[in-house]
Amino acid sequence: MWKLMKEDVQAVFDRDPAARSVFEVVLTYSGLHALWAHRVAHAFYKKGYFTLARFISQLARFVTGIEIHPGARIGRRLFIDHGSGVVIGETAEIGDDVTIYQGVTLGGTGKEKGKRHPTIGNNVLISSGAKVLGSITVGDNCKIGAGSVVLKPVPPNSTVVGVPGRVVVQNGRRIDDLDQCNLPDPVMEAIKQMQEEIALLRKELETVKSGGDRRDHQDL
């Protein structure tokens, strides 16, 4: 356990340039506190002390704003940066050297039983506000863009952006013109579709109206 804790602290220094001292990191990094509380809760969970495990996880949630179900399996050197609003479900699995930013959800898509939360590979970065939902796998060395909603499996070495999430880079090769500054806007797309339908209805109405006018002239 002591070795794991030292690795966790070192992971903060490796991935956060704002970290200045071990004393500061240990006392003030809520992501580290949530991770350590989860390790304790998970140990009780594996031994069947489910209520005690949930109590520890809920206490950690109250203190840190990060909710990690004690049943979740987390690898080494997870770094939760800022962390407020992070939610990790019961059957989620996270590999080694993963970075998670604030507002991330590793959740389910309904009330299904069994494996219902995602499996995250090694060396994955999940940016702010991203949602990875369902029993899907995100491969090693992937990057999930801010605000993305990932509902399908992601192959290794990929970058995903958008709602729903789409792979835009794979194995270093761009396969889509999207980037995080030009994500698809579902509201604008819906408005555009409505405008096209209104224009079509107007055209049909003009056709019906002109046909009626011609009949009126013929009657005269």
Under 3.5 Å donor-acceptor pairs involving side-chain atoms of residues 42-50, not counting sequence neighbours:
| from | atom 1 | to | atom 2 | distance (Å) |
| --- | --- | --- | --- | --- |
| H42 | ND1 | P70 | O | 2.7 |
| H42 | ND1 | A72 | O | 3.3 |
| Y45 | OH | E90 | OE2 | 2.5 |

Problem set entry | Partners passing side-chain contact (heavy atoms from CB on, under 4.5 Å) against K3 (at least two apart in sequence or in another chain) |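 Result, side-chain contact (heavy atoms from CB on, under 4.5 Å) vs K3: E7, R76.
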(message) Which residues pass the side-chain contact (heavy atoms from CB on, under 4.5 Å) test with T137, not counting sequence neighbours?
(response)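 By the side-chain contact (heavy atoms from CB on, under 4.5 Å) rule, T137 matches T119.
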Return each pair, listed once, that meets salt bridge (Lys or Arg N to Asp or Glu O under 4.0 Å) where at least one residue sits in [range]; pairs must be two or more places apart or across chains.
range	answer
residues 125-138	none
residues 50-64	R61-E67
residues 25-44	D8-R39

- Is I68 linked to V40 within one hydrophobic cluster, defined over Ile, Leu, Val, Met, Phe, Trp and Tyr using a side-chain heavy-atom separation of less than 4.5 Å?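 Cluster IDs for I68 and V40 differ.
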So, does Q10 use its side chain to make a donor-acceptor pair with the main chain of K6 at under 3.5 Å?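 No; judged by distance alone, with no hydrogens or angles, the pair does not exist.
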Any residue meeting side chain to side chain donor-acceptor pair (under 3.5 Å) with [X], in chain and number order, not counting sequence neighbours:
X	answer
S158	none
S128	Q102
Q170	none
S30	none

Exercise for the section: Share the residues that join L205 in a hydrophobic cluster, the rule being Ile, Leu, Val, Met, Phe, Trp or Tyr side chains under 4.5 Å apart at the heavy-atom level. Expected result: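 ILVMFWY cluster around L205 holds nothing else.
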Per-pair distances, 0.1 Å, donor-acceptor, side chain in residues 139-147, under 3.5 Å, sequence neighbours excluded:
| from | atom 1 | to | atom 2 | distance (Å) |
| --- | --- | --- | --- | --- |
| D140 | OD1 | N122 | N | 2.8 |
| N141 | OD1 | N123 | ND2 | 2.9 |
| N141 | ND2 | N157 | OD1 | 3.1 |

